[in-house]
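Working notes, structure below.
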Amino acid sequence: MAEDVVDVLIIGAGASGAAAAWSLADTRMRIVCLEQGDWMHQADYPSNKRNWEVLRQSEMAISPNYRDRSADYPINDEANSPISVANFNAVGGSTILYSAHFPRMHPSDFRVKTLDGVADDWPIDYETLEPYYRENDRNIGVSGLDGDPAYPHKELPLPPIPMGEMGNIIGRAFNKLGWHWWPSDVAIISEAYEGRDKCVNLGPCNSGCAQGAKSSADVTYWPAAIRKGVELRTNCRVREITVGPDGMATGAIYFDEHGNEVMQRAEVVIVACNGVGTPRLLLNSASSQFPDGLANSSGLVGKNLMFHPWGAVEGFFEPGLDSHLGPQGCCLLSQQFYESASNDTVRGFGLQVTRGAAPVATALGGTRRGDIPWGEGHHDAFRKFYGTNVSCGVCVEDLPEEHNTVTLDPDLKDSDGIPAPRIDYTLSENSRKLLDKGCQAGVDLMEAAGAWKVNNYGGPIRMAGWHLLGTARMGSDPERSVVNEWGRSHDVKNLFIVDGSLWVTSAAGNPTTSIQALALYIADKMKQNLANLFD
């Protein structure tokens with residue numbers, strides 16, 4: 001079955017695909033987006049149900065291997081990686097489950113080679129992306145406090161989410177240590193915004209926001225893009241991108257919701273499948289013209305995978321803190337050690353202070369540690385630990401290394417018979433040292449705050465592969481990059497990439513706002529170059 005030719009075919013309806021679709025719709029071109037998942041419904045999210053903590057570890061787990069929804073594909077990340085991939089396949093992609101912690105990159109992040117003598121410089125800079133950061137903030141609704149000295153001046157559309165008493169305690173500890181800190185910028189609306197109501201502190205943001213206050217792509221960009229005329233097809237799993245005799249992309253072959261194989265022709269193809277899904281699709285699109293995978297003359301498709309290795313420290317304080325209330329993954333951040341943490345490491349890490357654990361997690365974690373016994377004394381011990389804990393996450397800047405790869409697994413396949421991705425990743429000595437330094441900083445912070453108990457869990461945390469970056473990097477040299485400085489493939493001129501795979505370096509903070517800013521920037525460049533977009 002063959003369909004007519006569309007102007008632009010976007011593969012993936014997550015953070016970047018949604019932003020690109022919204023922007024390109026201004027051209028009045030015919031745009032179709034294929035998403036292998038479906039729409040999510042707020043009424044179905046776990047927080048509407050009494051067993052929500054169980055559901056967030058099963059049908060809404062962050063790992064597709066545990067979740068095993070029909071839209072998911074398996075990932076071989078157990079044997080050769082200390083970090084497992086976290087993603088979500090649906091309209092909105094992984095923004096359905098993200099914490100909505102929304103720090104921007106720093107100007108220095110684009111000049112790592114120049115400043116620190118490692119990795120490579122980006123072909124663009126912070127000033128190039130700054131207007132797109134602002135546009136993204138307005139489009140989706142970002143809350144925060146203006147004036148953070150760690151950044152160039154920026155203004156956010158909404159006031160910050162309240163920090164609560166835990167924020168006050170930790171803020172005083174940062175002041176005592178003389179370290180930078182600031183309330184987190186968050187993609188959660190603190191006031192009613194664009195037809196959505198404000199955050200009401202439900203708490204379990206990472207299993208989907210039943211309030212609709214979290215600015216996931218399904219409730220922000222997609223309604224606006226569809227009103228502008230973009231067609232979004234769900235439950236459509238793309239097998240490969242096709243090419244013509246001239247080496248140009250001609251569209252994609254996908255399986256529809258009934259399992260039928262469909263060929264969708266297109267003048268331009270945009271890939272927005274994340275840092276694992278994008279190299280998987282390009283490698284699966286090998287042909288006689290591109291025997292090593294589509295757009296892979298550099299040999300770098302699937303290489304330089306960056307994860308952000310994650311560490312964690314937890315402190316316990318006196319009862320009455322109510323640390324479990326509020327957006328789960330957001331409160332404060334410190335970028336005191338962001339750029340170069342010490343003389344024996346390069347680059348650095350961020351500290352992300354987040355809310356306390358939910359009740360079942362508190363009970364199980366306390367039992368495993370021996371802090372909360374079963375039987376007599378259980379309830380008294382539980383009250384001592386519930387709502388009194390504060391977490392400090394350590395987000396390490398992962399440097400690009402070619403031996404960290406996404407390849408095609410020779411045996412594992414998804415339900416449509418498409419080869420699954422295989423992850424081979426080794427934690428570098430530099431990342432190991434940064435994790436240790438970051439966790440020690442977390443311990444120092446909790447002790448300065450007056451915690452009566454501190455747990456240092458170290459890292460890397462296995463189930464923390466949230467940030468998937470670097471596997472189809474951008475650059476001006478076709479031998480050292482996959483796409484150019486505006487996301488256009490060096491090899492296939494009507495093929496573009498807009499997701500985290502095009503990152504050159506990983507920075508030391510959550511990447512979604514920068515991924516969306518890059519997608520808006522690339523879409524804008526495409527609009528400026530419409531005359532030669534199709535040749």
Side-chain angles (χ1 to χ4, degrees), residues 1-3 9-14 16-17 32-38 63-81 84-91 93-94 233-243 249-266 269-296 301-303 305 405-424 465 468 471-472 482 489 492 495 497 499-501:
M1 174 183 175
E3 299 186 9
L9 179 65
I10 300 174
I11 304 172
S16 60
V32 169
C33 179
L34 302 176
E35 166 56 46
Q36 65 181 359
D38 206 342
S63 168
N65 295 336
Y66 286 81
R67 195 170 57 236
D68 197 26
R69 293 163 58 94
S70 60
D72 291 324
Y73 54 87
I75 299 174
N76 183 351
D77 57 12
E78 293 291 331
N80 294 294
S81 174
S84 292
V85 171
N87 68 8
F88 197 74
N89 298 301
V91 177
S94 294
R233 299 179 194 162
T234 60
N235 300 303
C236 296
R237 176 178 280 152
V238 176
R239 186 185 74 199
E240 65 180 281
I241 298 169
T242 57
V243 295
T250 57
I253 297 172
Y254 69 93
F255 296 99
D256 68 13
E257 59 183 327
H258 304 294
N260 298 315
E261 187 177 295
V262 180
M263 169 66 191
Q264 175 60 64
R265 293 168 56 80
V269 176
I270 298 175
V271 186
C273 301
N274 76 47
V276 168
T278 287
R280 177 203 185 199
L281 177 58
L282 296 177
L283 294 172
N284 266 316
S285 300
S287 64
S288 58
Q289 294 160 284
F290 299 96
D292 298 320
L294 189 61
N296 195 26
V301 169
K303 296 182 179 179
L305 172 66
T405 61
V406 179
T407 56
L408 299 181
D409 193 272
D411 303 310
L412 189 64
K413 294 179 171 54
D414 65 24
S415 58
D416 289 305
I418 305 171
R422 170 193 167 104
I423 308 299
D424 288 273
L468 312 174
T471 51
V482 177
S489 164
V492 184
L495 176 69
I497 297 173
D499 57 52
S501 63

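Predicted, not measured: the structure shown is a model, and the values here were computed from it. Throughout, residue positions are numbered sequentially from 1 according to the sequence presented.
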Output, in order, the C-alpha distance, side-chain angles, deciding distance and verdict of side-chain contact (heavy atoms from CB on, under 4.5 Å) for Ser84 and Asn65. CA-CA 9 Å; Ser84 292; Asn65 295 336; over 6 Å; no

Does some side-chain heavy atom of Val276 sit less than 4.5 Å from a side-chain heavy atom of Asp77? no

Does Thr405 offer a backbone N or O that forms a donor-acceptor pair with the side chain of Asp424 under 3.5 Å? no

N/O donor-acceptor pair under 3.5 Å between Ser94 side chain and Phe88 backbone: yes

Do Ser287 and Leu294 come close enough that some side-chain heavy atom pair is under 4.5 Å? no

Flag side-chain contact, heavy atom, 4.5 Å: Leu495 against Leu282: yes

Apply side-chain contact (heavy atoms from CB on, under 4.5 Å) to the pair Gln289 and Val492, showing each step before the final yes or no. CA-CA 11 Å; Gln289 294 160 284; Val492 184; over 6 Å; no

Could you state the interatomic distance from CD1 (Ile423) to CG (Asn80), rounded to the nearest 0.5 Å? 10.5 Å

List the steps, then state whether side-chain hydrogen bond (donor to acceptor under 3.5 Å, both in side chains) holds for Asp72 with Asn89. CA-CA 6 Å; Asp72 291 324; Asn89 298 301; 3.0 Å; yes

Donor-acceptor check, side chain of Glu35 to backbone of Ala90, threshold 3.5 angstrom: yes or no? yes

Looking only at heavy atoms, what is the nearest atom pair of Gly37 and Ala71, with distance? CA-CB, 3.5 Å

Going by heavy atoms in the side chains, are Ile241 and Ile11 under 4.5 Å from each other? yes

Would you say Asn235 and Asp38 are linked by a side-chain donor-acceptor pair, where the criterion is simply a distance under 3.5 Å? yes

Do we see a donor-acceptor contact under 3.5 Å between the side chains of Arg237 and Tyr73? no

Not counting sequence neighbours, which residues clear side-chain contact (heavy atoms from CB on, under 4.5 Å) with Asp409? List them please. Asn76, Asp411, Leu412, Arg422

side-chain contact (heavy atoms from CB on, under 4.5 Å) involving Leu408 - partner list, sequence neighbours excluded: Arg280, Leu283, Asn284, Pro419

